[in-house]
Amino acid sequence: MQAIGKSPQEQPNNDSDHCSSGHEGSFLDDFSDVDSADDEVITKTVSDEDSKLAFLRRMGYKEADASIAITRCGTEATISELADFICAAQIAKAEDAFFAEDEKKPKHLDKQKKRSFLESEVLEKKRQKGLENGDDEGVRLPNPMVGFGVPTEPGIVTRRTLSEAAIGPPFFYYENVALAPKGVWQTISRFLYDVEPEFVDSKHFCAAARKRGYVHNLPIHNRFPLLPLPPNTIHEALPLTRKWWPAWDERTKLNCLQTCIASAKLTEKIRKALEAYEGEPPLHVQKFIMDECRKWNLVWVGRNKVAPLEADEVEMLLGFPRNHTRGGGISRTDRYKSLGNSFQVDTVAYHLSSLKDLFPGGINVLSLFSGIGGAEVALHRLGIRLKNVVSVEISNVNRSIMSCWWEQTNQTGNLIHIEDVQHLTADRLEQLMNMYGSFDLVVGGSPCNNLAGSNRHHRDGLEGKESSLFFDYCRILDVVKNLTSRYS
DNA sequence: ATAATAATGAAACTCGCG
DNA sequence: CGCGAGTTTCATTATTAT
């Protein structure tokens, strides 16, 4: 409860108004010497500034505090930097109050002191940001990316100490892309009780890569994989491609399965390029083709013929049952999209497997950003009974996919749909918990739209339009945690 | 209207070398 | 250690087809 406890909602209470009114002038005065004062930059970032302001407001900060932070840190500052600044300002405020009562300093000296304190805070942040390949505090990706262990290498780490605030109930499991912009995982970790993320590449579970970070408070000893083990190489997963696979294509694993597939134009271009030669093409042609094959996950389906994966194949590689996303009115395009946004079931199941012994009678699940139900499928395949599942998912085709699966697997529990996480208020949560009992697991991966490397247009980090829903995950988890501790 | 198609780089990582 | 080359990435938007 550290991170959240320190956070917005409860924080500004103590000393918010003398923060805003009293010293506003001095903050504004200081602005002149902050960084660049380019006219262009300022006009260009006005809307950006507005959105950040709105965002900080949504996080629960007072408008005045948020406004000061933006003015002081500059419009280039990230949300997390701004949040840090507000915290620092409040600490400084408290210290000021302390000193003011303790010793009787002249007022201007007080100001001076605070200014330098805040200055150093800002400089510290800038310094951390400036350090490219970070050092001490930076979250580093493990190499190989196997987290606390994978089935082939179990028990890399068997013990870890969680902060008091992180320990359940409920258990929680949060997921997002590992290769997010810098600073994102620090923020995610800080908001989730400072739990160290477990970074895992699903290529250690199946035939396709999927680099993801998982923040959870689950036990990490005695995990076990789903059986049967899924195909581990491209050849095992797609045996028909072997016949056409050229020796100079040395791939054994596919790259990350995404939401879009290659164009027909590209596969035709590759075919034409190959048909110009008998036998092996020259190296520069091989290079071109391999680059495209890796970029678009193309596989060999005939002589000189490559093709993108079929949706069925993506489904299988991600560990979903056959036809899980097929039919029911979903378009082919949307099917790729839903699959591309989903969990790799075997990976997630391995992490969740430690729950099986703990809940022999089944569990209640709060599933946020459920998508096509990767978490539910994983739990089901682990043989963990789903008693009550409250599933929050904005897309109606995804909700319908989940409903169909629920029916087809003859679930004995209840499935409750909610459309929007933003409508899942504390009152509604209390109501649900009174009706169905407390939640044993809060699971979900919030939108990666604004974090993912493939996004050319709006890769603007956690404060992005969709990715900021991460903070709703935090909010909801916090409410569930508080309600749970109250009733047990 | 809805669905399919195609065009659109950059940030941040890894690795090897001097 | 720093540097540069090489590699990977849960996508958005505009346009065309159905």
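Each chain gets a letter, A, B and so on, in the order its sequence line appears, and its residues count up from 1.
Residues A:Q258 and A:S454 bring a donor and an acceptor atom of their side chains to less than 3.5 Å of each other. Between the side chains of A:E198 and A:H216, at least one donor N or O sits under 3.5 Å from an acceptor N or O. A:S163 and A:D194 are not linked by any side-chain donor-acceptor pair at a separation below 3.5 angstrom, with hydrogens and angles left out of the test. Using modelled atom types and a 3.5 Å distance limit, the side chains of A:D440 and A:N364 yield no donor-acceptor pair.
Counting any heavy atom pair closer than 4.0 Å across all strands shown, A:S263 reaches sugar-phosphate atoms only and no base atom. Across all strands, A:A264 comes closer than 4.0 Å only to sugar-phosphate atoms, never to a base (heavy-atom distances). Among the atoms of the strands shown, none is found under 4.0 Å from any heavy atom of A:D334. Residue-level contact check: A:L141 touches the backbone only, with heavy atoms under 4.0 Å from sugar-phosphate atoms and none from bases.
Residues passing the side chain to side chain contact (heavy atoms under 4.5 Å, CB included) test with A:I167, sequence neighbours excluded: A:L162. With sequence neighbours excluded, the residues that form a ring pair (Phe, Tyr, Trp, His ring centres under 6.0 Å) with A:F199 are A:W185. Scored by the ring pair (Phe, Tyr, Trp, His ring centres under 6.0 Å) test, A:H204 finds no partners at all (sequence neighbours excluded). Partners of A:T333 by side chain to side chain contact (heavy atoms under 4.5 Å, CB included), not counting sequence neighbours, listed by chain and number: A:S331. Under the rule for a ring pair (Phe, Tyr, Trp, His ring centres under 6.0 Å), the partners of A:F470 that lie at least two apart in sequence or sit in another chain are A:Y174. The ring pair (Phe, Tyr, Trp, His ring centres under 6.0 Å) test applied to A:F369 returns no partner, not counting sequence neighbours.
Atom CD in A:E310 sits roughly 14 Å away from atom C1' in B:dA4 (whole-Å rounding). In this structure, A:R140 places its CZ atom 11 Å from C1' of B:dT14, rounding to the nearest Å. Rounded to whole Å, atom C1' of B:dT5 lies 16 Å from atom NZ of A:K269. As a whole-Å value, the separation of A:M145 CE from B:dC15 P is 11 Å. Between the C1' atom of B:dA11 and the CG atom of A:L462 lies a distance of 16 Å, rounded to the nearest Å.
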With the sugar-phosphate defined as primed atoms, P, OP1 and OP2, and the base as all remaining atoms, what B/S/- string results for nucleotides 6-13 of chain C, 5' to 3', for protein heavy atoms under 4.0 Å?
-SSBBBBS
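Listed in residue order, the members of residues 374-381 of chain A having a heavy atom less than 4.0 Å from DNA chain C come to none.
Every pair passing side-chain hydrogen bond (donor to acceptor under 3.5 Å, both in side chains) that includes a residue from residues 232-244 of chain A is listed here, sequence neighbours excluded: A:N232-A:K253. Within the structure, the side-chain hydrogen bond (donor to acceptor under 3.5 Å, both in side chains) test picks out the following pairs touching residues 311-323 of chain A (sequence neighbours left out): A:D312-A:R335, A:E315-A:T325, A:E315-A:R335, A:N323-A:R326.
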Tell me, what's DNA chain B's dot-bracket, Watson-Crick or G-U with both distances under 3.5 Å, | for other-strand, [ ] crossing?
||||||||.|||||||||
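Each of A:K265 and A:N143 was assigned the nucleotide of DNA chain B with the nearest heavy atom; the assignment lying further toward the 5' end belongs to A:K265.
In terms of phosphate contacts, A:T333 brings a side-chain nitrogen or oxygen within less than 4.0 Å of OP1 or OP2 of B:dA4.
Taking the centre of each ring, A:F191 and A:Y473 stay at or above the 6.0 Å mark.
In terms of modelled atom types and a separation under 3.5 Å, the side chain of A:N297 and the main chain of A:L254 share no donor-acceptor contact.
C:dT9 and B:dT8 have their C1' atoms separated by 15 Å, with the value rounded to a whole Å. To the nearest whole angstrom, the two C1' atoms, one in C:dG6 and one in B:dG9, are 16 Å apart.
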Write out a two-atom table: protein N or O, nucleotide N or O from nucleotides 14-18 of chain C, distance below 3.5 Å.
none

